[in-house]
Amino acid sequence: MESPAKKKILDALAEATRHFAWNDLSGLSAQGLAECFGVSRNLVSQYLNEAHGEGTVIKINTRPVYFLNKAALCERTKAEDLESTYDSVEELMREAVARKEKIVSFRKLVGHQESLKQCVEQCKAAITYPGIGLPILLQGQTGTGKSYIAQLTYEYSVEKGILDKKGSFVTVNCAEYANNPELFLTNLFGYKKGSYTGAEKDKAGLLALADGGVLFLDEIHALKPECQEKIFLFMDKGIYHMVGDNETWYSAKVRLIFATTEDPQKVLLKTLLRRIPILVQVPSLVDRSLQEKRELVHEIVAQESGKIARQVVFSELAYQTLVNHAYPGNVGELGNTIRASVAKAYLRDPAADPVELHLYDLPSFLLQSGTANGELMEYDDGKMIDTRQMMKQKYFETMLYTFNKGLIEQYRNHLPMPEFIEKAYILLEGYTDYLFFNNPAGKTPKDDLTASLVENIYQITAQKYNLEKLSNSEVVTMSRFILDFASHSVSCLPLDKKYHKEIQDCIEAIQRLFPINATAIRNVARLIQDSLNIKLEGIGYLNLLIYMMYFNREMETSQIPVLIIAHGFNIASSIAEVANQLLRRKIFDAIDMPIECGVDVIIRKVSDYLKHLEGCKEVLLMVDMGSLEEIYKYTENLKNVDIGIINNVTTKLVLDIGCMIMEGEGIETILEEAANRNQHRYLIVRNRQKANAILSICQSGFGTAEKIKKLLEKSLPAGQNIPVLSYEYDSIETMGSQAPVFDKYNILFVVGTMDPKIKGVEFISLEELIEQKNIEKISELLNEFMSPDEIQQFNDNLLRNFPMENLLNYLTILNPEIILGNVETIIRSIEAQLGLRITSNVKVGLYLHISCLIERLIINKTVAPYDKLDELQQKHQDFIAVIRKSFAEVERIYNVSIPLSEIGYLYEYIALGSVEKEENSVEDETGYFE
């Protein structure tokens, strides 16, 4: 319940918001309100920040911070839907005016405040420039949205009153004229009667049509040089000749926007490029955040829902497959993929509302990429989510979110600050490991650019505030964090909102203890924001602060400093950082040297390093190879200090020397002992043994084999480390014991739904495990590795982990609730028509086999050929008829047809005992299979 004091202060803020002057906001700060009510500033700040977190108060992050009542300001300015946080009063004023004027053009663009913010600002600046604006060149890959940005730029100019509504937006695809420059010039400038055969009257060109508006020339690189020349002549004077009239000058006030997918420096004339001052780089989809990708999906799905007048809902698996795929065609390909998928789902049942989109509605290339991504297997194709649910937080939790959630939880435990910082460092190290070891794409040009900017920013700040220089590895770490924050900061917004006060309190507490000037860190954050357009405030600033603390953490300095010098980008830095971290002592510094670096550069860097070692009598230099090994020739006169040098530096050698330094040994003893202990030696052991493993396979696909693997792993008794490997059935069946897995592992037995018949390797069907059939064989295979009690526990775990009602959860795309009833009906029909009672263990196999069979038919998976088709058709027409009748309803529901080869496999499964011996598979009361 809101306290009376808080209500009184917030009511006063609302009243002040209705009457304040934009040039005097002093009464809207925490201090101003505190003085007005005669209470503490901290109490007022707490109330205001709580209200900001609740979304009722606008916060302006200036110094001092100002607060305004959102509802009162919207009412006063007639603005709609203002944000909760602004960086300056001017930004809020501009936004209030824009919202009042209902300027919605660029607000329709997903990412206009994030990855596309710079693009939007450039387009706004160019179109509003006095006169006829400035020409714009949009450069980006196919499908990135260049045409849409051009269209929105035109709409923005109309909304702002820069262009009259009568001014047109004219689009020209220059690629259509790549081989016909004359036609392009005729259409662009117009022509006079009689200028060429067929020109029976004067006709104005596109420039005249776009007069007072915007002319958008897409694929400008496709134009011949002579066409480009004509364009820049018009850009210079704003006048042109019509084709067939070289005497009369015509004029047009046209704002020009160009677009290209190519490098402008390579495809455009330099004279044309010089006349285009605004080059807008439109990022590809892979360079945009995952959150923006989800917003794009949400936007496109909403559009398609409107077109078909139906709500569209996705299965969780289909949605995750869609957003996790990399689209070479960018936003355009993403949109086409969604439209095709919605169309397929709609066609399946036009009367359905909502339209359900499952994995099998996605294009085949998405199915392939989805099945190749093991992480997607945790999602359910039967669980439906609508477009509103797509935007909810539970689908957007990231490692950044997990890291910050852990930070906040530790702070809320009210630990002493030193203890909190230690726990924060542990969380930070785990998050940093993720940034380095969970990056499948590896280092990208964007990483290099960000690292370069971070290094320059920190170097500027370090010189100004006397901070310690970051190592190469620390620069890379910081750049990885910034890129991850740029992509996933949206996932932390709920934390920022819910724990706003705790985050601010934590920042203030750290700054009171932190030896680095808080002003310096604020300066780093501001420069990063200006250079990379990434806001580091709230959680972002807290993360930056903890990283800076970590990089500059106090460590006991060693009496014998050690300098590691190695070739490579951050080899020396990485070794030094790992050693200092493990030893918890500041012993090692590092210099990273490029491969081509000369000895003179190395000596200069070493000399600069030694100049800062005041009072040091001994120093160790650890080098790797090559020119660095000759460094002793140049160190005799560097400084009045003894210098020890050791080569072939490794992490093991560094740690060895670090331990001896901590034990107080002298430089001579250290070098002598290190040289003796770390001599290179080698050993080859020729008694290679293969690790034991269990193999999981399934004829219906690799995904099901993976799920059988998880079932086995979950059922193995605690302490048993026998690996379970999932493998493709077709490969095992084709290659047999020559498959690569048998070269690396000693396969104890194979588990699956159909025997691949590998010589010398036992096969145990999944049903045998679940029904505990042939338990003697299982015990015999495992008795070398498990006790009888553990084997029994393994069997008990299987029964507990794989009950019948959960059987179909191990499928990939089918809805368990629906398909379970369908398969049960099929089996009952087969029993009734054949007069059989199928035993329970065979039924378990049939449930899985038939479910996988239906799934294969739905996704058009190629069926393995059945080599006894002629015999089946000649001798078992009655059985074929039974199966056809039993499957009729399922064929109608899923619009599939069961082929004869699948009927053949069912015949062997039921009649020939492919799961168990024939006499135990089916209790035949009629003699049908005799």
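Inter-residue side-chain proximity for Y177 and V172 is flagged as met; some heavy-atom pair is nearer than 4.5 Å. Taking the side chain as every heavy atom from C-beta outward, S147 and T171 never approach each other to under 4.5 Å. F106 places none of its side-chain heavy atoms less than 4.5 Å from the side chain of K117. Taking 4.5 Å as the limit, some side-chain heavy atom of L185 sits within range of a side-chain heavy atom of K230. With a 4.5 Å cut-off on side-chain heavy atoms, T260 and E219 do not count as touching. M235 has its side chain within reach of I276: a pair of non-hydrogen atoms, C-beta onward, lies under 4.5 Å apart. Looking only at side-chain heavy atoms (C-beta outward), V120 and L152 stay at 4.5 Å or farther from each other. When side chains are defined from C-beta on, V312 does not count as touching I338, because their heavy atoms never get closer than 4.5 Å.
L544 and A525 make their closest contact through CD2-CB, 3.8 Å (heavy atoms, listed as atom of the first residue, atom of the second, distance). Residues P328 and A326 come closest through the heavy atom pair CD-O, 3.3 Å. Across all non-hydrogen atoms, the minimal contact from A318 to L362 is O-CD1, 3.8 Å. In this structure, L322 and Y327 approach most closely via the heavy-atom pair O-OH, 2.6 Å. Between N330 and T142, the closest heavy-atom pair is ND2-O, 2.8 Å. Taking every heavy atom of both residues into account, V280 and C123 meet most closely at CG2-SG, 4.3 Å.
Side chain of N404 to backbone of L400: a donor-acceptor contact under 3.5 angstrom is found. Between the side chain of R288 and the backbone N or O of P283, no donor-acceptor pair lies under 3.5 Å. The closest donor-acceptor contact from the side chain of E356 to the backbone of M384 lies at 3.5 Å or more, if one exists at all. For K270 (side chain) and Q265 (main-chain N/O), a donor-acceptor pair under 3.5 Å exists by modelled atom type. In this structure a side-chain-to-backbone donor-acceptor pair under 3.5 Å is present from D361 to H358. Formation of a donor-acceptor pair under 3.5 Å by the R310 side chain with backbone atoms of P350 is found in this model. In terms of modelled atom types and a separation under 3.5 Å, the side chain of E159 and the main chain of S105 share a donor-acceptor contact. Remark: side-chain polar atoms of K344 are paired, donor with acceptor, to backbone N or O of Y360 under 3.5 angstrom. Using a distance-only test at 3.5 Å, with no hydrogens or angles considered, a donor-acceptor pair links the side chain of Q139 to the main chain of E262. Between the side chain of K293 and the backbone N or O of V323 there is at least one donor-acceptor pair closer than 3.5 Å.
Considering CD of Q228 and CG of L269, their distance stands at 4.0 Å, rounded to 0.5 Å. In this structure, the separation between CD1 on I257 and CD1 on I127 is 5.0 Å, given to the nearest 0.5 Å. With values rounded to the nearest 0.5 angstrom, Y148 atom OH is found 11.0 Å from L116 atom CG. Atom OH of Y894 is separated from atom CD1 of I858 by 5.5 Å, given to the nearest 0.5 angstrom. A distance of 12.5 Å separates CD of E299 from CD of E292, quoted to the nearest 0.5 Å. Interatomic distance, CG of L495 versus CZ of F403, reported as 11.5 Å (0.5 Å rounding).
Using a 3.5 Å distance cut-off with no hydrogens or angles, the side chains of N543 and Y431 do not pair a donor with an acceptor. Inspection of the D381 and S315 side chains reveals an N or O donor paired with an N or O acceptor under 3.5 Å.
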Evaluate side chain to side chain contact (heavy atoms under 4.5 Å, CB included) for V214 paired with T153, printing each intermediate quantity in order.
CA-CA 9 Å; V214 172; T153 303; over 6 Å; no
Taking it one step at a time, do V301 and V342 satisfy side chain to side chain contact (heavy atoms under 4.5 Å, CB included)?
CA-CA 8 Å; V301 169; V342 171; 5.5 Å; no
Is there a side chain to side chain contact (heavy atoms under 4.5 Å, CB included) between T144 and L138 once you walk through the steps?
CA-CA 10 Å; T144 50; L138 302 169; over 6 Å; no
I231 vs L223, side chain to side chain contact (heavy atoms under 4.5 Å, CB included): CA-CA, chis, key distance, verdict
CA-CA 10 Å; I231 292 173; L223 290 183; 3.6 Å; yes
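Ring geometry, F365 versus H325: the interplanar angle falls from 30° to 60°, so the pair is classed tilted.
Within 6.0 Å of NZ in K203 there are 12 or fewer heavy atoms belonging to other residues, nucleotides or ligands. Within a 6.0 Å radius of CG in D263, more than 12 heavy atoms belonging to other residues, nucleotides or ligands are found. When the shell of 6.0 Å around CZ of F232 is examined, it contains more than 12 heavy atoms from other residues, nucleotides or ligands.
Residues K146 and D218 are not paired through a salt bridge, judged by the lack of any N-O separation under 4.0 Å between the basic side chain and the carboxylate.
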